[in-house]
Amino acid sequence: MFADKNLIARKHEILYYVSKYAWAGELEQHIDELPELLSPGPLSKTRCCVYKEREITRMRIKLAMGQPLPGNDPDNIIQVVRAACADCPISSYVVTENCQNCLGKACISSCRFGAISEGDRHSRIDPQKCKECGMCAKACPYNAIAHLRRPCKFSCPVDAITYDEYGISEIDNSKCIRCGQCIHSCPFGAIGSKAFIVQVINEIRSGRHVYAMVAPATEGQYGQKVTMGSWRQAMKEIGFTDMIEVGLGADLTAASEAEEWLESKKEGKKKVTSCCPGFVNMVNKHFPTLIDKVSTTVSPMCAVSRMLKAKDPGCFTVFIGPCIAKKSEVIDQKIEGNADAVLTYSEVHAMMKGKDVIFKESESYDYQEASVFGKRFANSGGVTNACLQYMKELGSTEEVTVAAANGAAECKKNLLLLKMNRLPEDFMEGMACIGGCVGGPSSFSEELTAKRNRDALIKQADSRNIGENLKNYDLSGFNMHRDQPAFNNMPS
């Protein structure tokens with residue numbers, strides 16, 4: 001999940017400078033000088049020459065400003081930095097030193113495209129002619145032809161990445177589910193996502209009420225002493241009106257979805273969850289006949305956003321978490337009342353650094369807006385556990401079975417079974433990332449470390465159940481379903 005540290009540091013440096021100048025209202029006048037500031041030359045730090053390094057920096061600045069890149073589909077939040085991608089090996093099949101330059105030349109005979117020729121020491125593959133059929137590798141008696149699978153293509157769970165005639169990666173917008181797995185798998189840093197940093201900073205600077213909504217996966221990302229209270233204080237210091245724990249939204253979603261499940265169970269219908277946007281994108285694009293199976297309950301992010309907008313009409317809501325697909329939920333799914341912007345941890349950290357704000361460690365657990373079940377929503381199986389818990393709180397004795405799909409591969413398998421009417425369980429939970437949201441592509445900490453810290457923090461939370469927690473809030477004024485108006489009795 002984590003790319004080379006030097007590469008990550010470079011990306012973060014660009015985000016920092018963009019944030020710093022945006023906070024000062026000086027971004028436009030510094031854009032042109034940033035590439036040379038970050039790559040002064042005359043020698044390049046990371047590329048073949050300083051000029052290429054600067055060009056890649058220019059493209060990353062565009063992404064940080066939320067702009068599409070040349071040669072990409074502008075509607076996709078995930079973009080390929082073509083100048084960086086050009087450094088990746090073009091040919092997927094290469095002849096290794098194991099080649100014995102044998103007389104049989106089975107590799108040459110097997111190739112139907114004339115891509116292999118005889119060399120002085122071993123055979124050669126012309127990448128311009130190679131069609132990557134793999135017949136040569138199968139024919140070689142010495143297994144001397146290796147198949148180099150590009151990390152981006154190998155990591156994509158829906159086969160949305162191909163190459164153009166120059167070997168540059170291309171993302172098929174009709175297949176891409178915006179999971180973001182390709183971003184951190186690319187060792188050349190050639191894939192990134194459009195950011196909302198500048199838009200969020202401008203909204204804060206304008207004086208508009210801007211609320212931060214922090215994902216349940218956040219606890220534990222920054223150690224055991226950076227609590228949700230630490231996050232709330234830091235967000236208010238950089239200018240947010242307030243911060244809300246999205247675990248509260250998870251409680252709202254669990255309560256609504258549990259009632260939906262019980263109703264569907266009575267009708268003999270199967271449903272799939274709707275809180276993971278990568279999973280929902282998979283259903284919409286790869287299993288369109290199952291769209292009516294997706295729960296109409298909105299995601300925890302959308303639930304909190306609707307709650308805030310019902311109480312403070314005209315406010316601007318910003319989700320913060322490890323998920324790239326959440327940006328897609330905002331841009332592509334266009335759900336009324338949803339968040340206005342999404343920031344990853346690295347993006348919000350750059351905003352903090354731009355204003356010299358740091359997390360203040362806390363010895364106490366003094367801020368909690370979610371039940372433990374809402375806090376665990378980010379784990380694979382967490383949605384299921386929360387829904388079943390709320391069914392118990394409703395007094396239901398209904399026997400309900402759920403297939404919790406952990407990662408995109410399991411999601412595809414279970415959706416295929418559902419499509420064929422062979423899924424034995426009553427309902428399906430879908431999480432596109434292994435481990436759930438806590439395994440998101442933009443996580444700050446390594447998964448096991450974050451889990452250990454997270455468990456230690458959540459142990460300090462009180463034992464309120466979902467229903468008890470929701471009684472603490474005024475939940476009037478907004479609805480929890482996509483097929484209903486987002487708000488009730490809103491002032492004109």
Side-chain angles (χ1 to χ4, degrees), residues 1 154-160 175-182 185 215-217 250 253-254 256-258 260-262 264-265 269-301 321-326 328-329 333 373-391 399-443 447 451 482:
M1 180 171 62
F154 181 65
S155 68
C156 180
V158 290
D159 198 26
K175 293 182 178 180
C176 177
I177 62 173
R178 280 55 162 168
C179 65
Q181 294 300 323
C182 57
S185 71
T253 295
S256 176
E257 200 153 273
E260 193 177 356
W261 282 7
L262 287 173
S264 296
K265 176 77 170 176
K269 297 178 180 178
K270 295 180 187 275
K271 286 282 187 180
V272 302
T273 55
S274 59
C275 55
C276 172
F279 172 69
V280 173
N281 287 340
M282 181 182 288
V283 176
N284 289 339
K285 295 187 177 188
H286 298 271
F287 296 88
T289 59
L290 299 179
I291 290 176
D292 64 329
K293 304 288 186 185
V294 178
S295 166
T296 62
T297 296
V298 297
S299 69
M301 173 179 78
C323 182
I324 297 295
K326 279 296 181 186
S328 167
E329 183 180 335
Q333 295 186 21
F373 299 96
K375 289 176 176 292
R376 295 285 188 191
F377 223 68
N379 298 78
S380 175
V383 179
T384 297
N385 292 336
C387 289
L388 295 179
Q389 165 64 23
Y390 194 70
M391 288 180 189
E399 288 293 328
V400 172
T401 57
V402 187
N406 182 16
E410 287 190 9
C411 287
K412 286 196 293 184
K413 181 189 73 174
N414 285 352
L415 286 172
L416 184 60
L417 289 173
L418 181 58
K419 181 180 179 180
M420 299 169 62
N421 294 317
R422 293 179 60 187
L423 184 73
E425 290 82 4
D426 299 313
F427 304 103
M428 175 189 168
E429 172 191 317
M431 289 285 194
C433 294
I434 296 291
C437 305
V438 294
S442 292
S443 297
E447 186 175 348
K451 182 181 184 303
R482 294 191 311 277

| said: With a 3.5 Å distance limit and no angle check, can you tell me whether Ser264 reaches the backbone of Lys270 through a side-chain donor-acceptor pair? | reply: no
| said: Has Glu429 got a side-chain atom pairing as donor or acceptor with Thr384's backbone, closer than 3.5 angstrom? | reply: yes
| task | Using a 4.5 Å cut-off on heavy atoms from C-beta on, say whether the side chain of Asn281 contacts that of Gln333. | result | yes
| Within the side chain of Arg178, is there an N or O that forms a donor-acceptor pair under 3.5 Å with the backbone of Lys326? | no
| message | Please determine whether side chain to side chain contact (heavy atoms under 4.5 Å, CB included) holds for the pair His286 and Ile177, giving the CA-CA distance in whole Å, both sets of side-chain angles, and the decisive distance to 0.1 Å. | response | CA-CA 9 Å; His286 298 271; Ile177 62 173; 4.0 Å; yes
| said: Quick one, Ile434 with Asn406, criterion side chain to side chain contact (heavy atoms under 4.5 Å, CB included). Give me CA distance, side-chain angles, the key distance, then yes/no. | reply: CA-CA 5 Å; Ile434 296 291; Asn406 182 16; 4.3 Å; yes
| request: State whether the side chain of Ser185 and the backbone N or O of Cys182 hold a donor-acceptor pair below 3.5 Å, judged by distance alone. | output: yes
| Counting N and O atoms only, with roles assigned by atom type, does the side chain of Thr253 sit under 3.5 Å from a partner on the main chain of Val298, one being a donor and the other an acceptor? | yes
| What distance separates Phe279 CZ from Cys433 SG, expressed to the nearest 0.5 Å? | 13.0 Å
| Closest heavy-atom pair and its distance - Lys271, Asp292 | NZ-O, 3.4 Å
| message | Quick one: does any side-chain atom of Thr273 pair with a main-chain N or O of Gly430 as donor and acceptor, under 3.5 Å? | response | yes
| task | List for me each residue that meets salt bridge (charged side-chain N to carboxylate O under 4.0 Å, His left out) alongside Lys451, sequence neighbours excluded, and say none if there are none. | result | Asp455
| How far does CZ of Arg376 sit from CD of Gln389, to the nearest 0.5 angstrom? | 13.5 Å
| query | Atom NZ in Lys293, atom CZ in Phe427: separation rounded to 0.5 Å? | reply | 10.5 Å
| message | Run the salt bridge (charged side-chain N to carboxylate O under 4.0 Å, His left out) test against Lys285 and tell me which residues pass, sequence neighbours left out. | response | none
| query | When rounded to the nearest 0.5 angstrom, what distance separates NZ in Lys412 from NZ in Lys419? | reply | 13.0 Å
| message | For Glu257 versus Ser274, what's the shortest heavy-atom pair and its separation? | response | OE1-OG, 3.7 Å
| request: For residues Pro322 and Val438, determine if any side-chain heavy atom of one lies less than 4.5 Å from a side-chain heavy atom of the other. | output: no
| task | Please step through side chain to side chain contact (heavy atoms under 4.5 Å, CB included) for the pair Val280 and Glu329, ending with a clear verdict. | result | CA-CA 9 Å; Val280 173; Glu329 183 180 335; over 6 Å; no
| said: Using modelled atom types and a 3.5 Å cut-off, is there a donor and acceptor pairing between side-chain atoms of Ser380 and backbone atoms of Ala404? | reply: no
| side chain to side chain contact (heavy atoms under 4.5 Å, CB included) between Trp261 and Val402: does it pass, once the steps are laid out? | CA-CA 10 Å; Trp261 282 7; Val402 187; 3.6 Å; yes
| task | Measure the CZ-CG distance between Arg422 and Leu416 for me, rounded to the nearest 0.5 Å. | result | 8.5 Å
| Under a 4.0 Å N-O cut-off, is there an ion pair linking Glu410 with Lys413? | no
| said: Give me the atom names and distance for the closest heavy-atom approach of Val158 to Lys175. | reply: CG2-O, 3.3 Å
| said: Counting C-beta onward and ignoring hydrogens, is there a side-chain heavy-atom pair between Cys179 and Pro441 closer than 4.5 Å? | reply: no
| task | Would you mind reporting whether Met428 and Leu415 have side-chain heavy atoms less than 4.5 Å apart? | result | yes
| When rounded to the nearest 0.5 angstrom, what is the spacing between CZ in Arg482 and OG in Ser295? | 6.5 Å
| task | Check Cys411 against Met282 and note the closest heavy-atom contact, atom names and distance. | result | CB-SD, 3.8 Å
| message | Please find the pair of heavy atoms, one from Gly321 and one from Ala215, that lie closest to each other, and give the distance. | response | CA-CB, 3.9 Å
| Closest non-hydrogen atom pair between Phe373 and Asn385, with its separation | CD2-O, 4.4 Å
